[in-house]
Amino acid sequence: MATPPTFTPATEDELAALDELGKEGTWSVGGFEQKLTNLDKVLFPPSSDHPDDPPITKRELIRYCVRIAPTLLPHLRDRALNMQRFPDGVGGPSFWQKQLPPTAPAWLTRWRETGVEDHRAPNMHLVADRVATLAFLGNQAAFEFHPWTSRIDRPWEPTFALIDIDPGERTTWEETLVLARLYRTALDHLGVIGCPKTTGKRGIQVWIPIVRSYTYQETSAWVEQISRAVGAIVPDLVSWEWSKADRKGKARLDYTQNASIKTLVAPYAVRPSAGAPVSAPISWDELDDPDLRPDRWTIRDVVDRVAERGDLFAGAVSLAQELPTL
DNA sequence: GTCCCAA
DNA sequence: TTGGGACAACGCGAA
DNA sequence: TTCGCG
């Protein structure tokens with residue numbers, strides 16, 4: 001696949017030029033020029049933990065997008081990207097976008113969906129494979145990145161089995177951690193490496209990188225089996241009810257995201273909440289850190305965390321495991 | 001956020 | 001010139 | 001077959 005092997009970060013000069021733009025203007029980053037608009041528009045109010053911090057503008061979002069790009073792009077390259085867009089930021093309406101408008105900049109990499117069932121037309125998807133593309137996404141307020149779990153050369157074969165711990169209204173953070181630790185024990189027992197991350201909202205996910213020989217039906221069944229076993233250990237914390245109302249505030253262990261076209265929020269993606277929290281990869285040990293929170297890292301500090309710790313989700317790109325028979 | 005089309 | 005609509009759609013289980 | 005759900 002003709003994508004660059006490494007992703008060069010935005011230069012200091014490019015970042016300075018972003019700061020010097022007025023409320024809109026043409027910006028050159030990573031070798032491509034594009035028009036940026038409404039740079040001083042507030043997209044995120046400060047979080048309640050830091051109410052005196054300045055709010056987060058679109059300019060700051062774009063700055064984050066290009067600074068995290070070298071770490072994020074390996075997770076997005078070669079994958080169709082579903083965009084969830086929040087043109088008015090937190091609290092405003094959002095919408096999904098799969099089809100890239102023909103009027104979008106010509107230099108964006110596109111992939112026309114193949115192998116689609118007869119009843120719908122194939123979409124022309126965006127593939128994020130450049131620093132400049134991340135700036136484009138920031139300008140579009142498309143900051144909640146949802147890459148497909150397959151790669152575009154074999155779009156109907158997943159590269160991940162996905163564990164999604166979705167807390168109910170009555171689930172505490174400590175209970176969410178209990179569930180995550182049970183998955184940790186289960187995967188350890190099976191000799192399978194999973195990549196855990198916070199969601200930036202309330203949950204925790206584990207992405208398990210796999211060889212491309214499984215169907216979605218198989219990955220879904222595999223994750224369901226483990227999840228049922230986890231749930232059986234702490235039945236008071238988990239509900240298997242489909243209807244939200246019948247769940248009584250309990251957590252859902254949602255294996256049904258292991259399906260074609262469905263997506264989970266990407267590592268380092270920004271969530272539409274005050275303070276711009278991100279979905280942050282963690283080490284398994286951090287489940288025992290009393291300071292861990294599901295929204296602990298934001299666009300203001302996750303780049304520094306990556307500088308210190310590296311990409312804790314690197315295994316999601318480099319590993320390809322068999323799923324042991326259960 | 002941006003395009004498109006109707007008014 | 002302005003304003004409103006469009007911008008996704010799988011698969012599971014219950015009704 | 002449709003509806004709720006993520």
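Order of the sequence lines fixes the chain letters, A, B, ..., with proteins taken first and strands second; residue numbering starts at 1 for each chain.
- The aromatic ring centres of Y214(A) and W222(A) sit 6.0 Å or more apart.
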Show which side-chain atoms of residues 27-34 of chain A pair as donor or acceptor with protein atoms under 3.5 Å away, not counting sequence neighbours.
{"unit_1": "W27(A)", "atom_1": "NE1", "unit_2": "E14(A)", "atom_2": "O", "d": "2.9"}
{"unit_1": "Q34(A)", "atom_1": "OE1", "unit_2": "F136(A)", "atom_2": "N", "d": "3.4"}
{"unit_1": "Q34(A)", "atom_1": "NE2", "unit_2": "A132(A)", "atom_2": "O", "d": "3.1"}

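- By the side-chain hydrogen bond (donor to acceptor under 3.5 Å, both in side chains) test, D166(A) pairs with no residue at all, sequence neighbours left out.
- S220(A) comes within contact range of no nucleotide atom at all, as no heavy-atom separation falls under 4.0 Å.
- Rounded to a whole Å, the CG atom of L162(A) is 14 Å from the C1' atom of dC10(C).
- Electrostatic pairing of E60(A) and R300(A) counts as a salt bridge here, judged by a charged N lying under 4.0 Å from a carboxylate O.
- Between R305(A) and E286(A) there is a salt bridge, with a side-chain nitrogen of the basic residue lying less than 4.0 Å from a carboxylate oxygen of the acidic one.
- In this structure, OG in S150(A) is found 10.5 Å from CZ in R154(A), a value given to the nearest 0.5 Å.
- Applying side chain to side chain donor-acceptor pair (under 3.5 Å) to D40(A) and the options K58(A), R59(A), K23(A) leaves one that passes, R59(A).
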Could you run down the sub-3.5 Å N/O contacts of the protein with nucleotides 4-6 of chain D?
{"unit_1": "dG4(D)", "atom_1": "N2", "unit_2": "W242(A)", "atom_2": "NE1", "d": "2.1"}
{"unit_1": "dG4(D)", "atom_1": "N3", "unit_2": "W242(A)", "atom_2": "NE1", "d": "2.9"}
{"unit_1": "dG6(D)", "atom_1": "OP1", "unit_2": "R247(A)", "atom_2": "NH1", "d": "2.9"}
{"unit_1": "dG6(D)", "atom_1": "OP1", "unit_2": "R247(A)", "atom_2": "NH2", "d": "3.4"}
{"unit_1": "dG6(D)", "atom_1": "O3'", "unit_2": "D254(A)", "atom_2": "OD2", "d": "3.4"}
{"unit_1": "dG6(D)", "atom_1": "N2", "unit_2": "K262(A)", "atom_2": "NZ", "d": "2.2"}

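- In the hydrophobic clustering of ILVMFWY residues, with side-chain heavy atoms under 4.5 Å counting as a link, L187(A) and V223(A) come out together.
- Regarding H125(A), its NE2 atom lies at a distance of 9 Å from the C1' atom of dA8(C), rounded to whole Å.
- In this structure, K35(A) does not reach the dG1(B) phosphate: none of its side-chain N or O atoms is under 4.0 Å from OP1 or OP2.
- Of the residues in residues 137-147 of chain A, none lies under 4.0 Å from DNA chain C by heavy-atom distance.
- Aromatic ring centroids of F44(A) and F86(A) lie 6.0 Å or more apart.
- The residue K58(A) sits close only to the backbone: its heavy atoms come under 4.0 Å of sugar-phosphate atoms, none of a base.
- dG6(D) sits 23 Å from dC7(C) when the P atoms are compared, rounded to a whole Å.
- Rounded to whole Å, the C1' atom of dA9(C) lies 23 Å from the corresponding atom of dC3(B).
- Remark: Q205(A) CD to I163(A) CD1 distance equals 10.5 Å, nearest 0.5 Å.
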Protein and nucleotides 1-7 of chain C: nitrogen or oxygen contacts under 3.5 angstrom:
none

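- Linking ILVMFWY residues whenever their side-chain heavy atoms come closer than 4.5 Å, directly or via other members, places I165(A) and L177(A) in the same cluster.
- The backbone N or O of A128(A) sits nowhere less than 3.5 Å from a side-chain atom of R77(A) that would complete a donor-acceptor pair.
- A salt bridge is absent between R296(A) and D301(A): the closest approach of a Lys/Arg side-chain nitrogen to an acidic carboxylate oxygen does not fall below 4.0 angstrom.
- Note on ring orientation: taking the six-membered ring where Trp is involved, the planes of Y268(A) and H75(A) are tilted (angle from 30° to 60°).
- Sorted by residue number, the list of members of residues 196-218 of chain A with any non-hydrogen atom under 4.0 Å from DNA chain C is empty.
- For M83(A) and dC3(B), the CE to P distance is 14 Å, given to the nearest whole Å.
- No engagement by N82(A) is indicated, since no non-hydrogen atom pair under 4.0 Å with the nucleic acid exists.
- L36(A) comes within 4.0 angstrom of no nucleic acid atom, judged by non-hydrogen atoms across all strands.
- Atom CD in Q84(A) sits roughly 15 Å away from atom C1' in dG1(B) (whole-Å rounding).
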